[in-house]
Amino acid sequence: DIGRDLDAIGQAHARHFLALTREAFDASQTEMPSQDWLREHGAEIADIRAALDWAFSEDGDPALAVRLAVSSSPHWFKLLLVPELHGYLERADATAARIGFSDRQVLIRLHMAQGHAIFHTSGPTRAVGEVLERALQLAQEEHDVRAQLEVLWALFGNFSSYGDLP
C-alpha cells in the first residue's frame with residue numbers, strides 16, 4: 001500500500017531530523033552561526049520543515065511533532081526564521097495539550113522556546129512572561145536548577161524591557 005509506505009518514509013525522515021536536531025540543540029542557542037555552520041546546516045531547514053509538516057499532519061506522529069519543533073528551534077533562530085518557528089511552537093503547544101504529552105523536559109524547552117519566539121516577533125509582552133512562567137513552574141517541579149536559571153534570566157530580560165522590575 002503506497003499510503004503506508006509514504007507514512008513509513010515520513011516517519012523515518014522525521015525521526016532522522018529529530019536525532020540530528022537533538023545533537024545540535026546541546027550547542028549554545030545564542031551563539032551566532034558561523035559561515036561553516038550555515039554552509040553545513042542551512043539547507044537542512046527545508047527537510048526540517050517537511051518533517052514537521054508530516055508529523056503534524058493527520059497521518060503523522062503528534063508526539064514526534066512536539067519533540068521536533070522543540071529540538072529544531074535553534075536552527076530556526078540561527079536562520080532568522082523566528083515567525084515561522086513561532087507558528088510551529090504554537091502548534092506543538094496545542095498538540096501537546098491535546099495528546100496529554102508528558103515529557104516535562106521537552107515541555108520546559110517548548111515553553112522557553114515559545115517565550116523567545118514571542119519576544120523576538122512581538123517584543124517584550126505579558127504573553128512572553130506567561131509562557132515563561134509555565135516553563136519555570138515545570139522546571140521547579142522537576143528540580144531542574146539549570147532550566148530554572150535560564151527561565152529566570154529570560155523573565156528578567158522580558159520584564160525589565162517594559163519596566164516591570166519587581
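Quick note: residue numbers are just sequence positions, from 1. Any value given below was found using the heavy atoms of this structure, including those in side chains, with hydrogens, waters and symmetry copies removed.
Checking side-chain atoms of S57 against main-chain N and O of W54 turns up a donor-acceptor pair under 3.5 Å.
Among residues two or more places apart in sequence or in another chain, the ring pair (Phe, Tyr, Trp, His ring centres under 6.0 Å) test is passed with H16 by none. Annotation: salt bridge (charged side-chain N to carboxylate O under 4.0 Å, His left out) contacts of E142 (sequence neighbours excluded): R104. Applying the ring pair (Phe, Tyr, Trp, His ring centres under 6.0 Å) test to W76 and every residue at least two apart in sequence or in another chain returns Y88.
Atom-to-atom distance recorded for I108:CD1 and Q140:CD is 10.0 Å, nearest 0.5 angstrom. Rounded to the nearest 0.5 Å, atoms CG (L152) and CZ (F156) are 11.5 Å apart.
Heavy atoms only, all atoms of each residue included: L89 and A117 are closest at CD1-CB, 4.0 Å. The minimum heavy-atom distance linking L18 with S71 is given by the pair CD1-OG, 3.4 Å. The two residues L132 and A154 come nearest to each other via the heavy atoms CD1-CB, 3.7 Å. Contact detail for M112 and A147: the closest heavy-atom pair is SD-O, 4.5 Å. The shortest non-hydrogen separation linking L68 to I48 is CD2-O, 4.4 Å. The two residues L64 and A14 have their closest heavy-atom pair at CD2-CB, 3.5 Å.
Counting only N and O atoms by type, the side chains of T21 and S72 include no donor and acceptor under 3.5 Å apart.
Looking at P124 and F119, their side chains come closer than 4.5 Å, going by heavy atoms from C-beta outward.
Put simply, the residue from D93, L107, V151 that forms a side-chain contact (heavy atoms from CB on, under 4.5 Å) with R134 is D93.
Remark: R126 does not engage E130 in a salt bridge, criterion side-chain N to carboxylate O under 4.0 Å.
Cluster membership for L52 and I99, using ILVMFWY side-chain heavy atoms within less than 4.5 angstrom, is shared. The cluster map of Ile, Leu, Val, Met, Phe, Trp and Tyr, joined by side-chain heavy atoms under 4.5 Å apart, puts L110 and W153 in different clusters.
The salt bridge (Lys or Arg N to Asp or Glu O under 4.0 Å) analysis of residues 49-59, with sequence neighbours excluded, yields the pairs R49-E84. Sorted by first and then second residue, the ring pair (Phe, Tyr, Trp, His ring centres under 6.0 Å) pairs involving residues 122-147 (not counting sequence neighbours) form an empty list.
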Listing, residues 3-12 side-chain donor-acceptor contacts under 3.5 Å, not counting sequence neighbours, or none:
{"from": "Q11", "atom 1": "NE2", "to": "D61", "atom 2": "OD2", "distance (Å)": "2.9"}

